[in-house]
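Order of appearance sets the numbers: ligands from 1, and atoms from 1 within every ligand. Source: prediction; values computed, not measured.
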Amino acid sequence: MSQRITIDPVTRIEGHLRIDCEIEQGKVVKAWSSGTMWRGMEEIVKGNDPRDAWMIVQRICGVCTTIHALASVRAVENALGMEVPVNAQYIRNIIAAAHSIHDHIVHFYQLSALDWVDVTSALKADPQKAAQMLNGLSEWPLNSAAEFLAVQNKIKALVESGQLGIFANGYWGHPAMTLPPEVNLIAVAHYLQALECQRDANRIVAVLGGKTPHIQNLAVGGVANPINLDSPGVLNLERLMYLKSFIDKLGDFIEQVYLVDTAIIAAHYPQWLTMGKGADCYLCVPELPIDRKSEQYLLPGGYMENGQFRPITTQHDKYLQQGIEESGKHAWYQDDKPLAPWEGLTRPNYTGWQEDGKYSWVKAPTFYGKTVEMGPLAWLLCSLQAGHQPTQQVFGQFASMMKTLTGEAVRTEQLESTLGRVVGRTVHACVLHQTLSQQWQALVTNIGTGDHETFIPPNIPATGEIRGVGFIEAPRGALSHWVVIKDGKIANYQAVVPSTWNAGPRNFNDEPGPYERALVGTPVSDPAKPLEVVRTIHSFDPCMSCAVH
Ligand code: NFC
């Protein structure tokens, strides 16, 4: 006998997501992923000046605002065939890397940790034993018995007050929560410390971007950060050193806390490295351009289909641009047939939730007809295949920590799983942090040569039609913005977003999207408390305002 469950809304995500599952003999056999709110940002931006598009479309999201802004200016610059000053590339790269690091830390601790960590069990922990567990794994100064005792007292006071605050409504005591009390205590302590640390990542974005969310310093053609080392109010030496202090602080937390916690969680939940595969194909785009023409990148891109890897070395690769389409067959739009984004249409057609028909506001993107998973897992698999050394080194560090904890190093095949996504995100954060320091140094060195250029004025043709695409490797995966400019105004605009790829409904050939496929086979020990379903969904780090836009 099968049973249906609906989780609506899924919480600790951005936006509005409904998940339906059919369960048989304690396992999910079929799943549906639905985005339940539409705004029509692609329609709103039409008719505007292309130089203003980034300001409007960064409102697609309240989380990865910065990333949409960057994708948009890249799309218009691509249409205009423009170059970008290297100082602007470096400043944009620092913003993008700090933004993603912020996102990953918040996802691991604030958005998904409580799927694995039982806060109330931390009350039974021995703080001394908790501190000892981290000996030899981490040099973080706050991993002391005294600190863990203080955190335990804090939780006790919360529980006794009957007001759990940020820890209310967890699946506490759930049979799938199997961490020892000491690990739960460590994780809660780091959850609270991560609240402090994530601010430092965001400060980097805010100092350069003027504010965050919704940065103010971009421009088609560069950035609006005038450089003068001795002058107040612009990017000067004091501001650059201020940024450096946050970059250094962040590195300590990422390496000594985040990476170690990921290994500890993975070591205690090995079965979650065997389930939750979302697709046979993975895509990521090369990122962090370091030259004026955006042809050289710090991080590699690539496409994997059934284990076969094809490198993608530039965002201008025609193979990358020509394979992307979106279908609305199972989404609430008029146009079912897959369309290339420059021809894309967004014409709403709400029908209600139909199991075999239309059931989501999210379109279904495909790459040469295939459903593809995007995000840090795709990035990790492709970067390892591309032989990217910093990634290999961080992954090796993670694997050896797993060996210390479990006696076995993690194998790359285990990454195609729910916990593999979590691991991918952590490795991504570590590698991004290395690029952050590198990009800061590159900026300072370049300014030192006397190059202060940050902006090249764009020249939008008053007549005729031009097209451009801007890619970016966002925290949740490869994002692209596609613009058609006619007589100086935006005639069409489409965003093909990482969470659209992952949260999409069945595609034109009725094949499930990555969330839907990843859920099949997931055990559900208590259908009234579907913690295991939420674990897999959260492992993608859903952003539904992005996915639907
Ligand atoms: Ni919103 Fe974004 C979504 C990201 O998938 N990363 O590209 C945009 O959100 O966080």
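Geometrically, Lys46 does not engage Tyr493 in a cation-pi contact defined by less than 6.0 Å to the ring centre and at most 45° from the axis. In this structure, Arg421 is positioned above the aromatic face of Phe540, its NZ or CZ under 6.0 Å from the six-membered ring centre and within 45° of the axis. Taking the centre and axis of the six-membered ring of Tyr258, the NZ or CZ atom of Arg425 falls outside the cone set by 45° and 6.0 Å.
Not one N/O/S atom of His68, from backbone or side chain, sits under 2.8 Å from atom 2 (Fe) of ligand 1. Contact annotation: Cys543 places an N, O or S atom under 2.8 Å from atom 1 (Ni) of ligand 1.
The nearest pair of heavy atoms linking Leu436 to Ala98 is CD1-N, 3.9 Å.
Given atom 5 (O) of ligand 1, the protein heavy atom at minimum distance is Ser499 OG, 2.8 Å. Protein heavy atom closest to atom 7 (O) of ligand 1, with residue, atom name and distance, is Pro498 CD, 3.3 Å. Among protein heavy atoms, atom 6 (N) of ligand 1 sits closest to Arg476 N, 3.0 Å. Of all protein heavy atoms, the one closest to atom 2 (Fe) of ligand 1 is Cys64 SG, 2.4 Å.
Of the N and O atoms on the side chains of Thr418 and Thr536, at least one donor lies less than 3.5 Å from an acceptor on the other residue. In summary, the side chains of His99 and Asn202 do not present any donor paired with an acceptor at a separation below 3.5 Å, with no hydrogens or angles considered.
For ligand 1, the atoms closer than 4.0 angstrom to any heavy atom of Ala474 are 4 (C), 6 (N), 7 (O). Close contacts of ligand 1 with Val497, meaning ligand atoms under 4.0 Å from a residue heavy atom, involve 3 (C), 5 (O), 7 (O), 8 (C). Every atom of ligand 1 is numbered from 1 in the order shown, and the set under 4.0 Å from a heavy atom of Val63 is 10 (O). If you number the atoms of ligand 1 from 1 as listed, the ones under 4.0 Å from a heavy atom of Leu479 come out as 7 (O).
Ion pairing of Glu343 with Arg467 is present here, as a side-chain N (NZ or NE/NH1/NH2) and a carboxylate O approach within less than 4.0 Å. Under a 4.0 Å N-O distance rule, the pair Arg506/Glu511 does not qualify as a salt bridge.
Angle SG (Cys546) to atom 1 (Ni) of ligand 1 to SG (Cys61): 110°, rounded to 10°.
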